[in-house]
Structure formats: C-alpha cells, structure tokens
Amino acid sequence: VVEEPVTQRRELEATPRPPRHDSTSRETLDNQLLAALLEVNKALNAAPELERLLELIIDHAVDLAEAERGFLLMREGDELAIRVARNLDQETIRNKAFKISRGIAEEVLQSGQPTLTVDAMQDERFAEQLSVHQLRLRSVLCVPLTVRRQLRGAIYLDNRFRSQAFARQQQRLIAALAEQAGLALG
C-alpha cells in the first residue's frame, strides 16, 4: 500500500464527517441519520476519482456505525474482490484478503438482504464458518450494495473486540449509506 502524501491526508481530514450517535431517542436518531446522509451525499458527489469515492464510502460507513474495520466488496466476474479495506483511523488495512468472513459476505450477496450479528462466534447461523472463529469476529454488519438496480457488492463492517457493537439503528444507517453509494457509483 502506498502511503498518501501529507497534502492528501489533510484533504481527507477536511472531508465533512457525520456526527457520532450518542442519543437513543427515535427523533434524535432520525435527525442524525438525515444530517449524516446529507454530509455523506455531499462528500460522495465531490469525490474526484473512483478509488477515492470507494474509500469515502467505507470511511463514512465505519464512522456512522462506529465500527472497528470496514470493507467494500465488489463482484468481479465470479470472484468477490475486496476493493477497499479501512480501519477506524481511516488507514488502509494490509493483507485485506484474509480479514473478513467470506461466508457472511457471500450470504448477503446471494440473498440481497443485510446480515447483522451481535456476537458472530456465538451465533448459530455461523457456527460452521471457520473464518468467523479464526478471525474471532464479534459484531458483524454486512449490507448489500446495489448499482443501477443490480446487486454489485456489499459494505462489510466488523468489530473483533466488542460484541453488540451494532444494532438495528446502525443497520438502517449503513443501508441508507449503501443506497447513496450505489447512486454515486452508478
């Protein structure tokens, strides 16, 4: 991975970031969702190139869901490619190919439905998936990414250290972000 020049890092830091979600009231969360999506929409529309756009999508997803890591997965023929892998510090993750549960990602891509687990290692749905246990995954949130009405990929977020890191609210946020990302990528 090539390190970004300092000027590019400053530009990234200047990108509007959605607010953290501290309140649990429904109205406040809905207002935060709207404000966050407006900021994301502005940032996505201002992205100058595809790779930067993909990084912004994942950086915002990690921030909105307060995830440890985020991955943008895209179908390339019969293969599932990890196009972007970022952490909560907006750094690129090295050796990204071995860092996710491909079984969870494939399930989302086959069903077109999001997957949320509050503790993947204890979740019966993933008891047979070796990757979940090898990676010691706790919380996982994976939502489909549709571009021009076709399921093209997924946004995959996880936290290896905290169970219950994600809830339905984060799933709603990331699903809405995925819709905006699909429009920006179309």
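Under a 3.5 Å cut-off, the side chain of Ser139 and the backbone N or O of Asp119 do not form any donor-acceptor pair.
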Between Thr115 and Arg125, is the side chain to side chain contact (heavy atoms under 4.5 Å, CB included) condition met? List the steps. CA-CA 10 Å; Thr115 293; Arg125 296 175 294 172; 4.1 Å; yes
Walk me through whether Phe126 and Val140 qualify under side chain to side chain contact (heavy atoms under 4.5 Å, CB included). CA-CA 11 Å; Phe126 311 117; Val140 178; over 6 Å; no
Carefully, step by step, assess Leu54 and Met74 under the rule side chain to side chain contact (heavy atoms under 4.5 Å, CB included). CA-CA 11 Å; Leu54 299 178; Met74 299 294 285; 5.6 Å; no
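Contact annotation: the side chain of Val108 never approaches that of Gln113 to less than 4.5 Å [non-hydrogen atoms, C-beta and beyond]. At least one side-chain heavy atom of Arg75 sits less than 4.5 Å from a side-chain heavy atom of Leu109. For the pair Ile58 and Val62, the minimum side-chain heavy-atom distance is below 4.5 Å. Using a 4.5 Å heavy-atom cutoff, the side chains of Leu157 and Ile174 are in contact. Side-chain contact between Phe166 and Gln171: absent, with no pair of heavy atoms (C-beta onward) separated by less than 4.5 Å. Residues Gln170 and Leu64 have side chains not in contact (no heavy-atom distance under 4.5 Å, counting atoms from C-beta outward). The shortest side-chain heavy-atom distance between Leu185 and Leu50 falls under the 4.5 Å cut-off. Looking at heavy atoms from C-beta onward, Ile155 lies in side-chain contact with Ile57 at the 4.5 angstrom threshold.
Counted by atom type alone, Gln150 and Arg152 present one or more donor-acceptor pairs between their side chains at under 3.5 Å. A side-chain N or O of Thr92 and one of Arg86 form a donor-acceptor pair less than 3.5 Å apart.
Linking Ile, Leu, Val, Met, Phe, Trp and Tyr whenever their side-chain heavy atoms come within less than 4.5 Å puts Leu116 and Leu177 in one cluster.
How far CG of Leu135 is from CD1 of Ile100: 9.0 Å, rounded to the nearest 0.5 Å. Rounding to the nearest 0.5 Å places CG of Leu173 at 13.0 Å from NE2 of His60. Separating the CZ atom in Phe161 from the CZ atom in Arg138 is a distance of 11.0 Å, to the nearest 0.5 Å. The structure places OG of Ser101 at 6.5 Å from CG of Leu137, a figure rounded to the nearest 0.5 Å. For the atom pair CG (Leu72) and OH (Tyr156), the distance works out to 13.5 Å, reported to the nearest 0.5 Å. Distance check, rounded to the nearest 0.5 Å: CZ of Arg69 to CG of Leu88 gives 10.5 Å.
Residues Asn159 and Ala165 share a closest heavy-atom pair of CB-CB, 3.9 Å. Contact between Val143 and Leu141 at its shortest, heavy atoms only, is CG1-CD1, 4.2 Å. Taking all atoms of both residues into account, the shortest heavy-atom contact from Ala105 to Leu73 is CB-CD1, 3.5 Å.
Note on Glu107 versus Arg102: no salt bridge recorded, every NZ/NE/NH1/NH2 to OD/OE distance being 4.0 Å or above. A salt bridge is defined here as a Lys NZ or Arg NE, NH1 or NH2 lying under 4.0 Å from an Asp or Glu carboxylate O, and Glu51 with Arg83 meets this definition. Ion pair Glu55/Arg52 flagged as a salt bridge, since at least one NZ, NE, NH1 or NH2 atom sits closer than 4.0 Å to an Asp/Glu carboxylate oxygen.
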